[in-house]
Amino acid sequence: MTIKGGYCQKILEMDLSKNKKHVIEVSDNFAVKYVGGRGWGARIIWENLEQIKDPLSPSNIVVIAPGPLSGLYLPASGKTSFSSISPATGLYADSNMGGMFAVEIKQAGYDAIIIRGRAEKLSYLFIDDDCVELKSAKKYKGLGCTETERHLKEDLGDETLRIATIGPAGENLVKFSCINSEWSRNAGRTGMGAIFGSKNLKAIVIRGTKDLPVFDLTRLVELGEHAYKTLKSHRLFEFWQRQGLMTVVDYANAAGIMPTHNFKDTCFDDADKINGEVMETFYKIGDTACYACPMTCGNVNLVKEGKYAGTVTEGPEYETACMFGSNVGINDFAAVLRANYLCDEYGVDTISTGNLIAAVIEAYEKGILTLDELGGMALHWGDSDSIMELIRKIGKREGIGNVIAEGSYGLIKKWPAIKQLISQVKGLEQSSYDVRSAITMALSYGTSDIGGHHARAWTIAKELEVGSDWTLDEKAEIVIYQQTVRPLFDMLGVCRLPWVELGFSESAYAEFYSAATGIETGLEELLKRSEAVYNITRAINIKLGATIKDDFPSWRCFNEPIKTGPLAGKKLEMEEYTKILQLYYNKRGWNENGVPLPKTLDRLELTDIEI
């Protein structure tokens, strides 16, 4: 097969230790086999795995990759994948960011960027098409993410620059720190900000001026026009534009799956005070969107009065509203916005931060942590001032914040009794869907290659809709399908939300890919390539020490039933979960310990992967 568009077929490799760049020419076979984005990232991580000694050492690498559809006239085609080995989990990691950054990488002439080594001093990488320079970031040390981006644009005299930066938390190696771009577009999960910080890399600044290669532009434009019309005709399109992911608050609370008071319960009495309607009525002042996206799911909000007056931020999305609302007992939307703002500015993941703060509150409530260990700061549900102070302490690594900054594993190492209170998988804090009533979602979290995150598979709505009229066999199959199709979007460099929220057909993306690249490809073939990447990340994790015990959700899921709401009394049964896990392994073509079988690797053309 011969690539005729869609790819630049170049990777920019930057060794920060040597301050040297190298451009790698990418073969047609590699480009197509691993598609792009997360696919390229996973394969490159695998090829460099033996040399990576520690996630925060210079030996670790970061692969930053859009996909072959990034930057094209297609809905939501502005996604960038960051791949590495996580400092939070010690395993494979990737995190996805929207906005315009992906587009600028492609316009600079690259399909991916590989960052190696460690700069001698705090620096930023400036990519101006073919010109690549490592520059001093001394004057930006300690600045927040949005401050850094604003100052860099002012100093370089160009408001159109695209910038990915870390805040104080990344500089301080907080293990769940993130990479921020364009105010609140974040590569939020798995600690990518700490990896940048360990490399003395404050930011990457990109300016690209090149045209993007497309094989059949007429066909692509026609497909794009049809896609936009299809999305705009959906009955929920305007509602989605108004509230974005904040629509999920009411759904999750009514369904009885909204984590409340550190996952102790699943219904929040004051959910109607932190939902999309409250946001839209009292706080929203504008919309934002990622590149070429009509859904405009970014909500710009302003606090107009009270102690947080003047706070303006893009967000929150459901995950943040839950983790800094119901999960910590806050019923004041202004406080949720303030927490969102602080997390973006310090550069920490809102899911992990809210999850861990809630665990610490419960630990204090139960006497596991003392007032002295909290630095004299009593913590209680709904105490927004103390929660804001904890965010600051985490970002600065001060006092108790220094322990929380180590993530789940750090807290458990310091206070082993807290383990049962932390909802995490593989060391990654669980996102905002309780799984005690939904074994498919528990399996999704348990077998996610990066840990307890919903992006790999979000099956809970389907399971609650179907109810008991569903076999374990069928449940295992839907998890595998979602873990195949959802990561495919990350490989292509597009957002999954048109498919998830507005029912846009996944088959359309095979047509997009064919028009862009000139290689006629069906959905089944793309799904096979995504399945191959899932097996590569599984192999990486096994090499790094992951075992079957890492494929289970948290203790609370099996041992404490839901207390209130429509699903009261529900909890997971270990026997049933163990059974579905083995079904899942078998359907994946893995052995009883979750190791891919040689025949599976052969089928996926991964014969060089040795486990």
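For the single chain, residues carry numbers from 1 onward in sequence order. This one's a predicted model, so the numbers in the text were calculated from it and none came from an experiment.
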Give a yes or no on this: more than 12 heavy atoms of other residues, nucleotides or ligands lie within 6.0 Å of atom [atom1] of [X].
{"X": "K284", "atom1": "NZ", "answer": "yes"}
{"X": "H226", "atom1": "NE2", "answer": "no"}
{"X": "E277", "atom1": "CD", "answer": "no"}
{"X": "Y251", "atom1": "OH", "answer": "yes"}

Under 3.5 Å, is there a donor-acceptor pair between the [X] and [Y] side chains?
{"X": "N180", "Y": "T165", "value": "no"}
{"X": "N186", "Y": "D349", "value": "no"}
{"X": "T459", "Y": "Q482", "value": "no"}
{"X": "R189", "Y": "S86", "value": "no"}
{"X": "E225", "Y": "Y73", "value": "yes"}
{"X": "Q424", "Y": "E429", "value": "no"}
{"X": "N200", "Y": "S123", "value": "no"}
{"X": "S83", "Y": "R38", "value": "no"}
{"X": "H453", "Y": "S448", "value": "no"}

Whether F82 and F101 hold their rings parallel, tilted or perpendicular, with breakpoints at 30° and 60°: parallel
Minimum heavy-atom separation for [X] to [Y], with atom names?
{"X": "S70", "Y": "K79", "value": "OG-O, 3.4 Å"}
{"X": "F512", "Y": "L220", "value": "O-CD1, 3.8 Å"}
{"X": "A457", "Y": "S444", "value": "CB-OG, 3.5 Å"}
{"X": "G395", "Y": "V174", "value": "O-CG2, 4.4 Å"}
{"X": "I206", "Y": "A108", "value": "CG2-CB, 4.2 Å"}
{"X": "I179", "Y": "A164", "value": "CG2-CB, 3.7 Å"}

Hey, could you give me the [atom1]/[atom2] distance between [X] and [Y], rounded to the nearest 0.5 Å?
{"X": "L143", "Y": "E345", "atom1": "CG", "atom2": "CD", "result": "8.5 Å"}
{"X": "M323", "Y": "S431", "atom1": "CE", "atom2": "OG", "result": "6.5 Å"}
{"X": "I166", "Y": "L201", "atom1": "CD1", "atom2": "CG", "result": "7.0 Å"}
{"X": "F176", "Y": "T350", "atom1": "CZ", "atom2": "OG1", "result": "11.0 Å"}
{"X": "L122", "Y": "K139", "atom1": "CG", "atom2": "NZ", "result": "13.0 Å"}
{"X": "K264", "Y": "N327", "atom1": "NZ", "atom2": "CG", "result": "10.5 Å"}

Identify whether the distance between the nearest side-chain nitrogen and carboxylate oxygen of [X] and [Y] falls below 4.0 Å.
{"X": "E149", "Y": "K153", "result": "yes"}
{"X": "R185", "Y": "E314", "result": "yes"}
{"X": "E222", "Y": "R219", "result": "no"}
{"X": "K135", "Y": "D155", "result": "no"}
{"X": "E154", "Y": "R150", "result": "yes"}

With a 4.5 Å heavy-atom cut-off, do [X] and [Y] have their side chains touching?
{"X": "N355", "Y": "S423", "value": "yes"}
{"X": "E506", "Y": "L523", "value": "yes"}
{"X": "R207", "Y": "D129", "value": "no"}
{"X": "Q243", "Y": "T247", "value": "yes"}
{"X": "C267", "Y": "P566", "value": "yes"}
{"X": "L125", "Y": "I115", "value": "yes"}
{"X": "Y346", "Y": "K396", "value": "yes"}
{"X": "D287", "Y": "N299", "value": "yes"}

Give a yes or no answer on whether the side chain of [X] reaches the backbone of [Y] with a donor-acceptor pair at less than 3.5 Å.
{"X": "T313", "Y": "L337", "result": "no"}
{"X": "S77", "Y": "L72", "result": "yes"}
{"X": "D128", "Y": "C131", "result": "no"}

Chi angles and distances behind the side chain to side chain donor-acceptor pair (under 3.5 Å) call for N96, S81: CA-CA 5 Å; N96 200 267; S81 286; 3.0 Å; yes
Qualifying salt bridge (Lys or Arg N to Asp or Glu O under 4.0 Å) pairs with a residue from residues 302-312, counting only residues at least two apart or across chains: K307-D385
Identified ring pair (Phe, Tyr, Trp, His ring centres under 6.0 Å) counterpart of F504 within the set W240, W499, Y509, F489: Y509
Test log, rule side chain to side chain contact (heavy atoms under 4.5 Å, CB included), inputs Q241 and M295: CA-CA 5 Å; Q241 284 188 317; M295 295 173 68; 5.6 Å; no
Candidates V360, I387, L390 - the one meeting side chain to side chain contact (heavy atoms under 4.5 Å, CB included) with V328: I387
Residue pairs fulfilling side chain to side chain donor-acceptor pair (under 3.5 Å) with at least one residue in residues 100-113, sequence neighbours excluded: none
Step-by-step side chain to side chain donor-acceptor pair (under 3.5 Å) determination, R338 to T311: CA-CA 6 Å; R338 185 64 184 175; T311 298; 3.0 Å; yes
Within residues 301-334 or reaching into it, pairs that qualify as ring-ring contact (aromatic ring centres under 6.0 Å, His included) - sequence neighbours excluded: Y283-F333, Y318-Y433
Stepwise side chain to side chain contact (heavy atoms under 4.5 Å, CB included) test for V205 and L156: CA-CA 10 Å; V205 181; L156 294 169; 4.0 Å; yes
Worked verdict on L356 versus S408 for side chain to side chain contact (heavy atoms under 4.5 Å, CB included): CA-CA 7 Å; L356 293 173; S408 290; 3.7 Å; yes
